[in-house]
Every structure is written in structure tokens, then in C-alpha cells.
Amino acid sequence: MESPAKEDAGGELAMEIESSVMAEDWRRALSRVVPSVVVLRTTAPRAFDTEVAGASYATGFVVDKSRGIILTNRHVVKPGPVVAEAMFVNREEIPVYPVYRDPVHDFGFFRYDPGAVKFLKYDEIPLAPEAASVGLEIRVVGNDSGEKVSILAGTLARLDREAPYYKKDGYNDFNTFYMQAASGTKGGSSGSPVVDCQGRAVALNAGSKSSSASAFFLPLERVVRALNLIRDSWDGFGTKPESVYIPRGTLQATFQHKGFEETRRLGLRNETEQMVRVVSPAGETGMLVVDSVVPEGPAHKHLEPGDVLVRINEEVVTQFLRLETLLDDSVGRKIDLEIERGGVPLTVKLQVEDLHSITPNHFLEVSGAVIHPLSYQQARNFRFKCGLVYVAEAGYMLSRASVPRHAIIKKLAGEDIANLDDLIAVLSKLARGSRVPLEYVRYTDRHRNKSVLVTIDQHEWYAPPQLYTRNDATGLWTAKPAIASESPFLASAHHANHVDTNSNSVPSLSESSPMDLKCQYDSENLADGCIKMQTDDEIVVDGSHSSEDSLVEKKRRRVDEEIAAEGTLPSYGDLEDVKGDLLRHPSNGEGSDLARTISSNASLAEQVIEPALVMFEVHVPPVCMLDGVHSQHFFGTGVVIHHSDCLGLVAVDRNTVAVSISDIMLSFAAYPIEIPGEVVFLHPVHNFALVAYDPSALGAGASVVRAAKLLPEPALRRGDSVYLVGLSRSLQATSRKSIITNPCTAVNIGSADCPRYRAINMEVIELDTDFGSSFSGILTDEQGRVQALWASFSTQLKYGCSSSEDHQFVRGIPIYAISQVLEKIISGTRGPFRLINGMKRPMPFVRLLEVELYPTLLSKARSYGLSDNWVQALAKKDPVRRQVLRVKGCLAGSKAENLLEQGDMILAINKEPITCFLDIEKACQELDQSIGSDGVLNMTIFRQGKEIDLIVGTDVRDGNGTTRMVNWCGCIIQDPHSAVRALGFLPEEGHGVYVAR
């Protein structure tokens, strides 16, 4: 009875000894492996083929120490430009350069200088693909989940798993088996070695499925072949040949390994199956079946899905490894394939194509777009032929026209585009600013071409088109001009930049840059110089840069009211003007033919104001995302406030025109035409901008479009009736009668996570009806005279402690501020000159008290200790508001900084009580009007129970916004703009620079 017990004890002891030995083996193996594993930090500056631009972490390991070769995944080495560095376990960092990336399988090599690793002792990890077997205990060593070193255990469960399918429009491996284990690897472990207890790499970690904790490993047979060819090519670092050529052949067909049961259902004959089982190695479970064929490839019209492969060159082939070996050894030659199709034996002779010839190694960059020949990878995904003109990244010019990523360009400017050379030839004939049709097709709608209008970048936001080519000797990409300097594309750009300073003759609106400014005065009060913008060559980084956020989508969905008019006659002022205009402009002219007719159910205000309404479409280049602008695409409604033979001006809110560096297209309600506009004035405080257009560009429509009549006085009061008039998406005027509920609501918008323009020190108008948060327009009286701009305001709502979301709301802006700026422009007031429509025009300065204020009720102010005398004086001055203004903060760098403090109550300026923002604006304007003014305000404030008299300086700002920036390696650097200064801090020395993105 005791003997069995003794035997059990002996067995347990033997198992413990064996376990201890295995653990010691693993410790020794891992001590050799870990120093040879590196963390790879990669940055892809351009989207290319299946990859997008961005930065990532991955893993690699040294496979040749003397030559400095690191093995990792193809999607880490990347098919396009990449900047990478490797960090060893002792934190030594060295640059690495791509040597080879396989066109199909998920492996590639980096090289490095072995002499650069000075303080670490390490060995190369040997590759042993033959050691892989089901049940083998393995360790995955790498940078899992962002950790520098992570070791995950597992057991190989399968050696014949089909290649993982990652995404329908990205990289996928095929024509190979994968291994599978339940090791649960995650992001960052790509390229990790899968080692056995002897420290040998038996596979390469490639991907995983998080839902099942399964990891997928690439077999190493083809990796060993490629590595041996590279080793044979050079003896050491710096002595390698110009490039390493690794023969890779293809039929442009994808095969899958199917079991014999399924091949019989596909028609495989019994005698063929018996023959295959006899000649194949023991344990063979199936055969290779054609899954797909790329159009116009070597196998097109010869192989079909469902064909069962039997022999190649009279050799039975049932495994991917043998198939690839035969193809790689037969590049440029023909091979004989014996197949069975529905039980019918067939023999076809096919030419083996060089796989590298259909894998692009160059691309065209134009206006931020990356365009190159369609690769074999994407041709297989999309079922298009290789070599078509493929948009890897839409960039700015194409995204403006809604050309998506993955599009295939078929025509441009009416000419067929078959390859990249055709596209470059057509581009070289086009002038900047021209609008031409483009036809493209997407794989999601492959049978229908889509046509759009593309505007050739006219402002040179981007460098001239460049053609980049990969240099396999250095691992870098070399650039050269894609278009000759004498071509119209570049010649028009040179002409646009040439301005004769001794002449009033200047380029037209379509050619001149909106940032082409010249300052007339060198005032010490100027915050920003009026200097032409200078930028470095840009590097486009992620992006998101071509998609629209939810805020833009909300602005797209404009309100289509039931009262929308079918059209109106050209009407420009009051009703008498309408009648007179019908006599002056008979209906037989071109402009009158295209003008709308008055709808019987349209209000008079709508009929009068419609010829002044303008729809804005604004695009901000991704390389010029200044001042915290939160989107690249905006829509909105504006109103023409000045229209003459040589100048047109439109007023619009700053949530539509946020920055001066933008491309603006104006669509007029009165006449079917779309023309460009340019920003000429951005008010530093009030939520409006002025945009200029060239009236001559309207053609016959110049006589139809008219400026609205502005009615700044009398100011709107509670209970007044107004008409809200805007434009629907179909450019039809929409109006609704409303009642003013509050004409003087103070705007209170908090600072966004990324500081951007926000309206401060403003009172706005509220109505009794909610028209939605995206319907902008104007408020008029019954006769169509403009009393306010119904404007969109941008804000950010915060949820909890960390999350926030962009939102917008609409309120009325009294027209008086816009009217004042317009009068100064028309009268030629003192200010910086701008070139507008071929004429130098001064834009006005704005004098400001750069302090953020907010109102407090007098009842609250009394509780803070404000005397009865001041309470009565302020109430008498403004019995409606009955408030006092308090200081929320001073803008950093302003003259009020260090004089006014948070919480100060502003009681009076020059002994005159102050109750609203308009009182302070008027006090600042009086300083401009007085001769010999020193630009200071005599203020009386209330601070901590005491009345204090202060002399506070004011600041003078222009309406240019930010006029200088540097774009360096994708980083946008500028001077601190007002929203940044409103945070209350700037570095003391030089005020520093602000990194916008």
C-alpha cells in the first residue's frame, strides 16, 4: 500500500527537478535575448500606400550584430518615408534606416551603425524557423502596451492559420501561413521576437485579436532567405552596395489553403486528390485554391476564383512556402500551372512578374496631397489594376473639392489620367487659381465616376509640386521639382508674388496673397507688425486633416423655413428703391435674366435685403491653423455692406471667418455666381470680420448685387419687432418675424482647452424664438434696413473634469460697430495699407482697453461695499441695466496689466459714470479724436472697499490678426495671439512664441 505512494512522491520530485531546469533554461535564454531587443520609435511624415502619417512605437531585434541589421514588421519599417530610432535596454538611442520591406509579407529590416552602441554588451538573436512546432513553449519579448520590456508566455497552438485580415483598405498579408498562440500581445509589440528556451527566434510577432487574447506570428522561412541575400550583398556597415535586390515574383493572384473536403466540393477529381495525398508529405490536409485575381495582372483571364492548383512546372504544390519559392526563382520567366476548374483539368502558361515593379517607390506631393501609382497591396484590396493614380492623402487642394483618401483619379481638366506622368503633365499646364473639373472613382462605388471642381492652390500655402523617390542605398527619400519652372503652374505663382512698389498697378484679387500687407505707420501702440507672412516648407502630419468635425456638420444643416421664397426681384434699399430699380434695369439684360423674381409670400424685408445676402464657404489650410482655429471648414451667412465699382465688402461673424489665412468662396443670393474673397479686417473684440471681393468678378451680376442699408440708430429695445433673414442651403432667402426679448445680454464665453478667439466685452441681442444654433443671418426692420448681424459664436462645453465638446450658439450683434469700421474704411482713415483689388486702402486701427470685464448687479456691488452715492449715480446713468463692470483679468502685455486687478469695479472714466461696454469703447474713441492725446484713461475704480483714481493706458490694435508664422516640421509657431494673452501670462523676456499646433 505504501509502494504506490513512494512512486508518486518520486514522480513529483522528478517533475519539480524538470521544472527547475526549464526555468533556469528560460532565465539564461532571456538574459541573452533581452539586450538584443530594441524599442523602435517611428515617425511617418507622409501618408503612403497603406499607411497614414503619424508616430508610433514598436519592437525590433538584432539579427546581425556585425552588419547592424534589425528585424521588425513591414508595417513598422513602412513602405513610405520614415524617420526612426532604436532604444536599447540600457537607454542608448541610435538612428536606424530602412533597408528592406517586403512587398507582401509583414517583415522588414532596419540598419544601424554597430559602432554607435558603446555601452551595451549584446548578441544577435539567431533565427530558427525549423524549431517551430505545435506545443512549443515560447516567450514574446518586446515593447507591449508601451512598456519598454515586456515578456509574455505562450504555447504555439497552430502553424497553419490563415493570414490575419486587418482592414479592407489597408495592409494585409496573404499567400502565407501564420502561427497562433494565446499570448495576448497588444499595441507596441509588433516586431517582437518569439523565442524558445534556447534563445532562438522561431517566429515574428505581427498582430493579435484582443477579443480572444490570440497572437499571430509570421513564420521565418522567407525572412531567413531575405536576410541571407542582404548578408551576401555587403560585408559590414558602410560597405554595402547601392541597394539590395531581393527577387520577388508574383502572378497577382491570391491563394487560400482549403481542406480536401472543400476542394472536392469545388470539383476536384478523386484521382487527383489521391495523387496529391500520395506525393505530399504526411499530414497534408488540403490544397491551394485561387481566392482572387487582380485585374490586368498576369493571371487575369487565366485563373479564376475557385481554381484548385495542382502542379507548377510539373511539381505538385500544396503549400505557400513552395509556391513562393518557385515564383521568386522565376521572376521574368514563364511557368506552367496545372489547375482543376469544376473538375476539368487545365494547363495555363503565365509570366511571373517582378513584385517590386508594382510596388511604388515614389510619390507626387502637391498642395499637401500625396499621390502615387496604385500598389499591389491596394489593387488587391480594391480590385483595380496596379499603377492607377492613387490618392494616399487628399491634402488641402483635393480635400477642398471633397476628393477623399483612397480615390483613383481618372480625369483632370478634361484629359484622361492613366498614370502619374499624365497627372504631372496636366498640372504643369494649369495656372494657380484656376478651377478645373476632376473625375475620380472610389472602391466603395467602383462603377460610377464622380466629378468635382478643383481649385488650384493660388496663395502658395504649400511648396511647388515635388516628386519624391526612395533611395534604397540610404533609406531616405530624395525630392526634385515635379514641374518645370517655366510651366504656367509656377510662372503664375511667380507673377502673383511680383509687386512693383513704385506703381499702383498690382495683381488682381485672384492672384494676390491675402497676407500681402504694408504698414504705413510705425506706431508704438501696434501689437503686431503688418508684414507679409513667411513660412518654411511644410510637413503635413496626421490627419485628421481632411475630415470635418461635428460642429461643421451642424453648420451644414441649415434651417429651411416654410416661408422660404422662390426668389425676389433685385431690391436694394426700401420699397421705393425697388420700384425705381425695376425702371432702371429692364429685364432684357443678362443680369436681370438671371436675377430672381419676387415671391408673393415673401416679406418686404426679405425682398429688400436678399440682394445683399452672401453664403460663405471657408477653408483653412492645415499648415496654417493659427490662433487655435478649431476646424478647417466653415459655412455661414454674411451681408454686403459696401458695393462699388472697385470694392465690395461683406460682414460676417468670426465663427465663419476665424483667421485671415483662409480661402473664401462667396455665393450671392441675387446672382448665380461664386467668386473668391479675402479677409481685410478681423475685429479684435467684436465677433465680426470684413471680407472684400472684386465687383468686376461678378460680371453682369455687379448691377444686381447691392449693399444693405445699415441702421445703427436708434438702438434696438426690448419689445421691438425685427425680421430675421438668412439663407437656406439652396441660397433662397428665409425670413421670420421676431420680438426682441433682451437687447443687452453680456456674452460670457470661457476659454477653450486650446485658446482661440472668443467674444469678450460684448452685449448681444436675444430673440423670443429659437431658430437653432446654426442659422445665421441679419436682423432688419420692416423696410429691410440692417439693425444687427445674427451671428454665430463658438464656445466649448465641458463635461466632467476632462472631456469637452465644441458648440455654437447664435445671437444678434448691433450693427453700430460694423458701421463705424465701414465709415473709417470709406473715409480713408489712418491705418495700415492693404492691397485690395489693385488699390492700396488703409484699414483702421482699433483703440482698446485690453481688459476682460463682466457686469455685476448694483445690488451685489452694494454687498461688496460700494457706496450709496455710486449706486445711485450708476443707476441714474443706466436705469435699464443697473450694473457695474468688474475686471475679470488683464491681457498679458497690455498697458492695463499691473494697474487693474481682478475684481476691480470700474466706476467712472474722466468722471463720467461707466455702466456698459459701449461706454468704455466711446471713451477710447474720444482719445483718437482728441488732438495730442497720450492714449490714457483717467479711471475711478473701487478696490477692496476703497475708491482709487488711476491713469490706465490703452492699446491700439489693427484688424489684420496674426500676420506671421513659422511652419517647421509640422509645428506651427506664431506670436501669442489675444486669446493666449487673455490667460494672463507671457514670458517676461520678449514675450516668447506660441506653439499653435
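Computed over heavy atoms, backbone and side chain alike; hydrogens, waters and symmetry mates excluded.
To the nearest 0.5 Å, atoms CD1 (I661) and OG1 (T962) are separated by 7.5 Å. To the nearest 0.5 angstrom, L430 atom CG is 11.5 Å from T455 atom OG1. With values rounded to the nearest 0.5 angstrom, L727 atom CG is found 7.5 Å from F775 atom CZ. With rounding to the nearest 0.5 Å, the separation of CZ in F668 from CD1 in I675 is 4.0 Å. With rounding to the nearest 0.5 angstrom, the CD atom of E415 is 10.5 Å from the NZ atom of K411. Note that the OG atom of S819 and the CG atom of L711 stand 9.5 Å from one another [nearest 0.5 Å].
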Determine, step by step, whether Y816 and L918 satisfy the side-chain contact (heavy atoms from CB on, under 4.5 Å) criterion, reporting the C-alpha distance in whole Å, the side-chain angles of both residues, the deciding distance to 0.1 Å, and the verdict.
CA-CA 10 Å; Y816 73 85; L918 182 57; 3.5 Å; yes
As a quick check of understanding, evaluate side-chain contact (heavy atoms from CB on, under 4.5 Å) for V639 and V650, giving each step before the final call.
CA-CA 5 Å; V639 58; V650 185; 5.6 Å; no
Please test I739 against S721 for side-chain contact (heavy atoms from CB on, under 4.5 Å), starting from the C-alpha separation and ending with a verdict.
CA-CA 5 Å; I739 304 296; S721 295; 3.3 Å; yes
Criterion side-chain hydrogen bond (donor to acceptor under 3.5 Å, both in side chains) on T780 and R785, from CA distance to verdict
CA-CA 5 Å; T780 74; R785 294 174 297 186; over 6 Å; no
Quick one, I740 with L767, criterion side-chain contact (heavy atoms from CB on, under 4.5 Å). Give me CA distance, side-chain angles, the key distance, then yes/no.
CA-CA 5 Å; I740 303 293; L767 301 179; 3.5 Å; yes
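Here the shortest heavy-atom pairing between I456 and A431 reads CB-O, 3.7 Å. Annotation for A658 and L682: closest pair O-CD1, 4.3 Å, computed over non-hydrogen atoms. Smallest separation of non-hydrogen atoms from P684 and L848: CG-CD1, 3.7 Å. The heavy-atom pair separating G726 from L613 by the smallest distance is O-CD1, 3.9 Å. For Y396 against P622, the heavy-atom pair with the smallest separation is CD1-CD, 3.7 Å. Nearest heavy-atom pair across L666 and G677 is CD1-CA, 4.3 Å.
Checking side-chain atoms of D928 against main-chain N and O of Q925 turns up no donor-acceptor pair under 3.5 Å. The main-chain N or O of I483 is never found under 3.5 Å from a side-chain atom of S487 such that the two would form a donor-acceptor pair. The main-chain N or O of S402 is never found under 3.5 Å from a side-chain atom of S399 such that the two would form a donor-acceptor pair. When atom types are taken as modelled, the side chain of D653 and the backbone of W790 share no donor-acceptor pair closer than 3.5 angstrom. Here the side chain of R834 pairs no donor or acceptor atom with the backbone of M839 at under 3.5 angstrom. Distance alone, capped at 3.5 Å, places no donor-acceptor pair between the H686 side chain and the F688 backbone.
Shown here is D768, whose CG atom has more than 12 heavy atoms of other residues, nucleotides or ligands within 6.0 Å. Residue Q820 places its CD atom among more than 12 non-hydrogen atoms of other residues, nucleotides or ligands, all under 6.0 Å distant.
Scored by the salt bridge (charged side-chain N to carboxylate O under 4.0 Å, His left out) test, R654 finds no partners at all (sequence neighbours excluded). In terms of the salt bridge (charged side-chain N to carboxylate O under 4.0 Å, His left out) criterion, residue partners of E763 (sequence neighbours excluded) are, by chain and number, R881. Under the side chain to side chain contact (heavy atoms under 4.5 Å, CB included) criterion, L438 pairs with L398, V403, I409, L412, Y440, V452, V454, sequence neighbours left out.
Taking the side chain as every heavy atom from C-beta outward, L779 and V786 never approach each other to under 4.5 Å. Here the side chains of V657 and I664 are in contact, with some heavy-atom distance below 4.5 Å. Taking the side chain as every heavy atom from C-beta outward, E678 and V691 never approach each other to under 4.5 Å. The closest side-chain heavy-atom distance from L453 to V436 is not below 4.5 Å. For the pair I818/L789, a side-chain contact is recorded, criterion being any heavy-atom separation below 4.5 Å from C-beta on. At a threshold of 4.5 Å between non-hydrogen side-chain atoms, the residues E921 and R847 do not count as touching. You'll find the side chain of V659 reaches within 4.5 Å of the side chain of V620, heavy atoms only. For the pair M965/M625, no side-chain contact is recorded, criterion being any heavy-atom separation below 4.5 Å from C-beta on.
For the residue pair Q808 and N655, a side-chain donor N or O sits within less than 3.5 Å of a side-chain acceptor on the partner. A donor atom on one side chain and an acceptor atom on the other are found under 3.5 Å apart for N960 and D958. A donor atom on one side chain and an acceptor atom on the other are found under 3.5 Å apart for W461 and D663.
For Y757 and F793, the distance between ring centers is not under 6.0 angstrom.
Below 30°, between 30° and 60°, or above 60°: for H619 and H633 the angle between ring planes is below 30°, a parallel geometry.
Look at D627 and R756 and you find no salt bridge, because none of the NZ, NE, NH1 or NH2 atoms lies under 4.0 Å from a carboxylate O. Taking a cutoff of 4.0 Å between a charged side-chain nitrogen and a carboxylate oxygen, R811 and E766 qualify as a salt bridge.
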